[in-house]
Amino acid sequence: MKTSAILSPLIAQNWLEEFSKIVISLEDHLNELDAAVGDGEHGSNLSNGAKALLQGFPNFKSRTLGEFFEDAGMTIINSVGGASGALYGTLFLRLSDVTSNYQEADLTLISQAFDSSLSGIMELGRVKPGDKTLVDALEPAVTSMRASVKNSENLLTAMIKAHYAAELGCSSTANMEARKGRGSYQGDRSIGHIDPGATSMAALFGALSNTISNYFPH
Ligand code: ADP
Ligand code: MG
């Protein structure tokens with residue numbers, strides 16, 4: 001019997017293991033994207049976090065989902081430099097806050113948790129959709145998840161759609177002018193280049209949908 005699809009601490013760890021491996025493999029690409037609009041180290045920054053996560057997992061004391069995301073968020077904050085360390089750290093700490101009383105999460109809770117991550121990042125970064133940041137990948141994914149909850153879709157369908165929405169949002173940053181972060185110093189020279197943070201954010205949702213599909217295939 002197939003159990004109903006949920007996010008447990010083990011599945012969440014597999015998700016972040018996959019994300020970490022993708023980030024490490026994309027390090028040069030993310031640095032090149034950041035070189036066009038920023039200071040060229042988004043790949044190196046996030047790779048440091050990915051390596052810290054892969055090394056850290058065996059030592060995590062976390063047992064609940066909320067504790068797992070807290071450990072992951074603190075690991076990222078302590079290992080990733082630049083704006084993206086605080087922003088990705090906030091994403092995971094918000095996931096932790098919303099899931100803190102739960103052993104595992106269903107789609108409704110996952111959607112609420114990412115909603116909180118989106119608000120936290122927009123507050124911390126003082127950004128809105130359209131400012132050419134990782135919010136432009138995260139916000140469409142969150143909107144897609146909300147719709148999936150409303151339509152009572154299963155978790156895998158919801159995650160595949162959220163990933164697709166994040167990728168589309170990421171592509172759309174090519175037409176935007178950076179208004180925040182180091183990219184903004186480039187003014188309209190940033191137009192034509194995809195935002196590096198949106199690219200890594202889309203990869204986070206790619207890793208999530210892959211992981212859910214490995215555990216709960218159609
Ligand atoms: P830094 O901006 O300090 O060089 P990184 O290069 O690691 O940090 O990350 C750059 C990415 O962070 C950008 O591509 C953008 O997506 C995101 N970013 C930068 N500043 C902000 C902000 N104020 N709010 C939201 N996201 C931001
Ligand atoms: Mg940078």
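First listed ligand is number 1; within each ligand, the first listed atom is number 1.
In the vicinity of Asp34, heavy-atom distances shorter than 4.0 Å reach the ligand 1 atoms 6 (O). Contact atoms of ligand 1 toward Gly82: 3 (O), 8 (O) (distance under 4.0 Å to a heavy atom of the residue). Close contacts between ligand 1 and Asp39 involve ligand atoms 4 (O), 6 (O) [criterion: under 4.0 Å to a heavy atom].
Ligand 1 lies less than 4.0 angstrom from a heavy atom belonging to Pro196. Assignment of Glu41 to the shell around ligand 1 is supported, since a heavy atom sits closer than 4.0 Å.
Using modelled atom types, one finds a donor on one side chain and an acceptor on the other under 3.5 Å when comparing Ser200 with Tyr88. At a cut-off of 3.5 Å, with distance as the only test, a side-chain donor of Glu18 or Asn210 sits close to an acceptor on the other residue.
Considering backbone and side-chain N/O of Val135, none are found under 3.5 Å from N/O of ligand 1. Considering backbone and side-chain atoms alike, Ala83 places an N or O below 3.5 Å from some N or O of ligand 1. Checking only distances, Gly197 does come within under 3.5 Å of ligand 1, N or O to N or O. Between Leu87 and ligand 1, not a single N/O pair is under 3.5 Å apart. Polar contact check, Asp195 against ligand 1: a nitrogen or oxygen pair lies under 3.5 Å apart.
When the N, O or S atoms of Asp34 are ranked by distance to the Mg ion (ligand 2), OD2 comes first.
Phe205 and Phe114 have tilted rings, their planes meeting at an angle from 30° to 60° on a 0 to 90° scale.
Here Glu139 does not pair with Lys128 in a salt bridge; the nearest charged N to carboxylate O distance is not below 4.0 Å. Ion pairing between a basic and an acidic side chain is recognised when a charged N comes within 4.0 Å of a carboxylate O; Asp115 and Arg146 show such pairing. Classification of Asp195 and Lys132 as a salt-bridged pair fails, no side-chain N sitting under 4.0 Å from a carboxylate O.
Both the backbone and the side chain of Thr133 come within contact range of ligand 1, each with a heavy atom under 4.0 Å.
Between the side chain of Ser117 and the backbone N or O of Leu91 there is at least one donor-acceptor pair closer than 3.5 Å. In this structure, the side chain of Ser148 engages the main chain of Ser144 through a donor-acceptor pair within 3.5 Å.
Rounding to the nearest 10°, we obtain 80° for the angle at the Mg ion (ligand 2) between Asp39 OD1 and Glu41 OE1.
When Ser84, Ser200, Gly125, Ser44 are ranked by how near their heavy atoms come to atom 7 (O) of ligand 1, first place goes to Ser84.
Of all non-hydrogen atoms in Asp39 and Asp34, the two that sit nearest each other are OD1-OD2, 3.0 Å.
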